[in-house]
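Values reported hereafter were calculated over all heavy atoms of this structure, with side chains retained and with hydrogens, waters and symmetry mates removed.
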Amino acid sequence: MPKQSRKSWSQLTPTQKRLVVLGGALQLTLQGAALRDLRRRRADEVKGPRWAWAAATFVNTLGPCAYFLFGRRHSLPAFD
């Protein structure tokens with residue numbers, strides 16, 4: 001199996017460049033949303049320490065997704 005070398009930006013096709021930019025935008029959007037949600041929630045609404053979840057959001061796309069799936073406590077709506 002031949003060794004693959006890294007391509008420079010100029011060697012990427014226009015479609016590959018768009019996908020890289022789209023992936024970066026997705027990462028930044030998810031991270032921003034997770035950090036904003038984390039900042040607005042009370043401590044008892046977050047599972048675990050806030051600083052750990054904030055640090056986890058910097059782990060590619062997996063960190064923000066993990067926060068939204070596992071880091072928030074969901075309460076049932078109160079009925080009057």
(request) Please identify each residue that fulfils side-chain contact (heavy atoms from CB on, under 4.5 Å) with A66, with sequence neighbours left out. (result) W53, F70
(message) Just to verify, what does S10 make a side-chain hydrogen bond (donor to acceptor under 3.5 Å, both in side chains) with, not counting sequence neighbours?
(response) S8
(message) Who clusters with V59? Use side-chain heavy atoms, under 4.5 angstrom, across I, L, V, M, F, W and Y, and order the result by chain and number.
(response) none
(request) Can you tell me which residue pairs pass the side-chain hydrogen bond (donor to acceptor under 3.5 Å, both in side chains) test with a partner in residues 21-37, sequence neighbours excluded? (result) Q27-T61, D37-R41, D37-Y67
(message) My understanding is that only residues two or more places apart in sequence, or in another chain, count here; which of them pass side-chain contact (heavy atoms from CB on, under 4.5 Å) with A52?
(response) P49
(request) Kindly compute the distance separating CG (L35) from CG (L30), expressed to the nearest 0.5 Å. (result) 11.0 Å
(message) Which residues pass the side-chain contact (heavy atoms from CB on, under 4.5 Å) test with R42, not counting sequence neighbours?
(response) D44, E45
With a 3.5 Å cut-off and sequence neighbours excluded, list the donor-acceptor pairs that the side chains of residues 16-25 form with protein atoms.
unit_1, atom_1, unit_2, atom_2, d
Q16, OE1, T13, N, 2.9
Q16, OE1, T13, OG1, 3.4

(message) Would you say CH2 of W51 has more than 12 non-hydrogen atoms from neighbouring residues, nucleotides or ligands within 6.0 angstrom?
(response) no
(message) List the residues meeting side-chain hydrogen bond (donor to acceptor under 3.5 Å, both in side chains) with R39, not counting sequence neighbours, and say none if there are none.
(response) none
(request) Return the minimal non-hydrogen interatomic distance between R73 and V46, and the atom names on each side. (result) NE-O, 3.8 Å
(message) Under the salt bridge (Lys or Arg N to Asp or Glu O under 4.0 Å) definition, can you give me all pairs with a residue in residues 55-69, not counting sequence neighbours?
(response) none
